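First up is the structure itself, then whatever we jot down about it.
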Amino acid sequence: MNKDYILVTGGAGFIGSNFVAQILSSRRSTVINLDKLTYAGNLATIEQFATNDRHIFIQGDIGDRQLIDNLLDKYQPQAIVNFAAETHVDRSIDGPASFIETNINGTFNLLESTRQYWRRLTDDAQKQFRFLHISTDEVFGSLTAQEPAFTELTPYTPNSPYSASKASSDHLVRAYFHTYGLPTLITNCSNNYGPYQFPEKLIPLMILNAFAGKPLPVYGDGQNVRDWLYVEDHCHAIALVLEKGAPGETYNVGGNAERDNLWLVNELCAILDELLPTSPHCPHQQLIQFVQDRPGHDRRYAIDFTKIQQQLGWEPKENINSGLRRTVQWYIDNQAWCQTVTTNKYQQQRLGVEA
Ligand code: NAD
């Protein structure tokens with residue numbers, strides 16, 4: 001086994017790419033970055049690693065057994081961190097099949113391949129190996145305003161095809177620890193925000209629409225509550241769980257920042273007014289429009305992260321106000337990236353296709 005190699009799946013997406021950046025800047029590990037490059041993963045996102053010889057990019061599917069077997073054989077990684085997934089709830093409502101395929105079957109395939117690889121390692125290497133699966137708080141279902149936050153012991157009650165597929169994969173990962181002894185860990189994190197998030201998710205969508213003077217669509221009454229975490233904080237938690245977490249355990253990760261959607265959009269508008277005072281769309285708040293709610297829209301998520309705080313010493317560093325400001329500034333400074341990933345120009349150019 002090669003102690004300095006980590007296989008990261010989905011590392012051309014939002015959280016995965018932030019995690020790869022953190023690993024490359026803080027550790028000597030080499031990252032094998034396996035990503036299918038769906039609409040949500042983009043070469044423009046990993047261009048930042050192009051000159052780093054500790055980054056190896058492979059375009060491929062976690063559901064491709066032959067490919068995963070070959071990668072594990074060739075690189076003999078000490079850890080696998082599985083970010084690869086279909087992640088957008090609205091897309092899972094319109095077409096759940098790809099969520100079942102990647103999130104459930106893909107994770108199963110990765111686990112099976114990993115189990116065969118791990119069985120061939122020495123006893124010592126088997127003990128050191130880690131399979132870390134990145135999951136979401138959405139598997140716990142929806143809370144009322146009065147209910148206590150989700151803990152690691154909250155029963156799974158997924159409500160959307162997305163969260164149901166993530167819940168299924170979590171169960172498989174857990175089962176591989178209990179049945180085969182594979183040293184797996186799971187993190188269940190709340191909503192992330194920050195650089196490189198694909199502009200279909202709430203925060204980047206609102207920022208980009210506001211730039212363009214387009215309506216800012218808010219679902220229902222805007223009172224759905226999420227717990228927001230800056231992506232760098234999530235990546236620190238993942239690195240810590242990888243290093244110090246106990247196999248078989250799950251860790252909740254949250255931002256201690258419960259906010260309703262309407263508050264969030266108003267806050268983004270206020271930051272945009274301040275950072276872009278000459279925009280013809282000021283005050284941006286005038287662009288807010290309430291639209292028909294998402295079917296089965298979970299009302300509230302909240303995370304109790306006492307376990308990771310007490311056992312591993314993690315807590316979020318960024319607060320919601322400074323984190324949102326950094327995020328808005330990043331999108332202002334990186335409009336070319338937004339343009340590229342939304343038109344998919346980069347991939348088309350590489351393939352010689354006219355944009
Ligand atoms: P994302 O949609 O930005 O990125 C997903 C990446 O996975 C993309 O690069 C995509 O190309 C890749 N991918 C998709 N299917 C693949 C396949 N079959 N094989 C290989 N690669 C594939 O997602 P994200 O927001 O970065 O989320 C990453 C992980 O974190 C997901 O598992 C998600 O469930 C979890 N998570 C996300 C959040 C959040 O707020 N974004 C919160 C908690 C947990």
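Each ligand, and each atom within it, is numbered from 1 in the order the structure gives. As the structure is a computational prediction, the values presented were derived from the model and not from experiment.
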Could you pull out all residues at least two apart from Trp263 that satisfy ring pair (Phe, Tyr, Trp, His ring centres under 6.0 Å)? none
Val8 vs Ile32, test: side-chain contact (heavy atoms from CB on, under 4.5 Å). Steps then yes/no. CA-CA 6 Å; Val8 172; Ile32 315 351; over 6 Å; no
Side-chain donor-acceptor pairs under 3.5 Å in residues 171-180, sequence neighbours left out?
from, atom 1, to, atom 2, distance (Å)
Tyr176, OH, Glu112, OE2, 2.6
Thr179, OG1, Ala175, O, 2.9

When you check ligand 1 against the protein, what N or O pairs turn up below 3.5 Å? List the atom names and distances, or just say none.
from, atom 1, to, atom 2, distance (Å)
ligand 1, 2 (O), Thr87, OG1, 2.7
ligand 1, 3 (O), Phe14, N, 3.0
ligand 1, 9 (O), Gly13, N, 3.0
ligand 1, 9 (O), Asp35, OD1, 3.2
ligand 1, 9 (O), Asp35, OD2, 2.6
ligand 1, 11 (O), Asp35, OD1, 2.5
ligand 1, 11 (O), Leu37, N, 3.4
ligand 1, 11 (O), Thr38, N, 3.0
ligand 1, 11 (O), Thr38, OG1, 3.1
ligand 1, 18 (N), Asp61, OD1, 2.9
ligand 1, 18 (N), Thr102, OG1, 3.0
ligand 1, 19 (N), Ile62, N, 3.0
ligand 1, 21 (N), Lys36, N, 3.1
ligand 1, 26 (O), Phe14, N, 3.3
ligand 1, 26 (O), Ile15, N, 2.7
ligand 1, 32 (O), Phe83, O, 3.1
ligand 1, 32 (O), Ile134, O, 3.4
ligand 1, 32 (O), Lys166, NZ, 2.6
ligand 1, 34 (O), Tyr162, OH, 2.7
ligand 1, 34 (O), Lys166, NZ, 3.1
ligand 1, 40 (O), Asn192, N, 2.8

Tyr162: which other cluster members, linking ILVMFWY side chains closer than 4.5 Å, directly or transitively? Val89, Ile93, Phe99
Going by distance alone, is a donor N or O of one side chain under 3.5 Å from an acceptor N or O of the other, for Tyr39 and Glu200? yes
Going through the distances and angles, do Asp170 and Ser135 end up as a side-chain hydrogen bond (donor to acceptor under 3.5 Å, both in side chains)? CA-CA 7 Å; Asp170 292 6; Ser135 191; 2.8 Å; yes
